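None of the values given here were measured: they were computed from a predicted structure. We're numbering straight along the sequence, starting at 1.
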Amino acid sequence: MATQTPSTPTPLTAGTGTAFGVDVGGSGIKGALVDLATGEFIGDRLKILTPQPATPDAVAATVVELVRRFDWEGPVGLTLPSVIRGQTALSAANIDPSWIGTDITELFRRHLPGREVVALNDADAAGLAEVAYGEEASRHGSVIFLTFGTGIGSAFLLDGRLFPNTEVGHMLVNYQGTVDEAEHLASSAAKDREELSYKKWAKRVDVVLAEFQALFNPQLFIVGGGISRNHDKWLPRLEIATPVIPAKLRNRAGIVGAAMAVTDHLAP
Ligand code: BGC
């Protein structure tokens, strides 16, 4: 749908009712029913391995399978590791490059006819969920919310409102004389890939955050993603001046943000 990108209002409070969210990642596609009053899942989360290659049609078929397993007949919110503008994917990280240029509305008109489906960037979804159900500080002032996982995702927040599709994980950072993408250096996948200790990895996170700090000067960083569960192992090691606190929602955030986006019409 080649419509103008609407502004993205952000609900500073929880909503009502039940919605369905799906989080599309490089390794798994996860879905759950979300209670919008609390931001909690209703029942279990289901995960299906991401089909390879993760083309739009293959991913859409997996989303249909998740919807079917939940017997869900309402609208579907979806996160993707992509820039999404006017419901068109403009980038593709850890999913098939054929996503680039995909019209998501048209894709799901074919796979889930008659159903409202909206997509938004995975980190934007997680940031919106944090604002509505998580850390109170995410609602005030200039906040950079980051997810550390396969990549580094970002959601820029101002008084809880989202500036969508920032992609600071791809920013070039000079580390020990080598210039590399921030996420290649300091994602949690980089920690695993290079078998880095928390101490060594935290040094890299510090370098990356210092770069973001120098350019954007937020009041606060909030860090999410699976590795934020172990924040006591690395946050105390950071030397950066800007405060850095862990997200409250962690891995639930993407699904919850997707569910909010389709219900509250927040998707870009
Ligand atoms: C992608 C972002 C995504 C992030 C986390 C990056 O590689 O470019 O769109 O938010 O990974 O999945």
Donor-acceptor pairs are to be reported for all side-chain atoms of residues 233-243 against protein atoms at under 3.5 Å, with residues two or more places apart or in another chain.
residue, atom, partner, partner atom, Å
Trp234, NE1, Ile227, O, 3.1
Arg237, NE, Lys233, O, 3.3
Thr242, OG1, Gln213, OE1, 2.5

What pairs of donor and acceptor atoms, side-chain ones from residues 245-261 against any protein atom, are under 3.5 angstrom apart with sequence neighbours left out?
residue, atom, partner, partner atom, Å
Asn251, OD1, Gly226, N, 3.4
Arg252, NH1, Gly39, O, 2.3

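Inspection of the Ser98 and Thr55 side chains reveals no N or O donor paired with an N or O acceptor under 3.5 Å. Using a 3.5 Å distance cut-off with no hydrogens or angles, the side chains of Thr79 and Asp23 do pair a donor with an acceptor.
For Ala61, the side-chain contact (heavy atoms from CB on, under 4.5 Å) test picks out no residue, with sequence neighbours left out.
Put simply, Phe108 and Leu80 are part of the same group of oily side chains (I, L, V, M, F, W, Y) that touch within less than 4.5 Å, one to the next. Note: the hydrophobic cluster containing Val223 also contains Phe156 (ILVMFWY, side chain heavy atoms under 4.5 Å, direct or indirect links).
Salt bridge Asp103/Arg109: absent, no basic N to carboxylate O contact under 4.0 Å. Between Lys191 and Glu194 there is no salt bridge, since no side-chain N of the basic residue sits under 4.0 Å from a carboxylate O of the acidic one.
Aromatic ring pairs are classed by plane angle as parallel below 30°, tilted from 30° to 60° and perpendicular above 60°; the pair Tyr198 and Trp201 is perpendicular.
Hydrophobic side-chain contacts under 4.5 Å tie Leu158 to no other Ile, Leu, Val, Met, Phe, Trp or Tyr residue. Leu172 belongs to a hydrophobic cluster with Val179, counting contacts under 4.5 Å between side-chain heavy atoms of Ile, Leu, Val, Met, Phe, Trp and Tyr, direct or through other members.
Pairs passing the salt bridge (charged side-chain N to carboxylate O under 4.0 Å, His left out) check and including a residue from residues 60-77, sequence neighbours excluded, read Glu65-Arg68, Glu65-Arg69.
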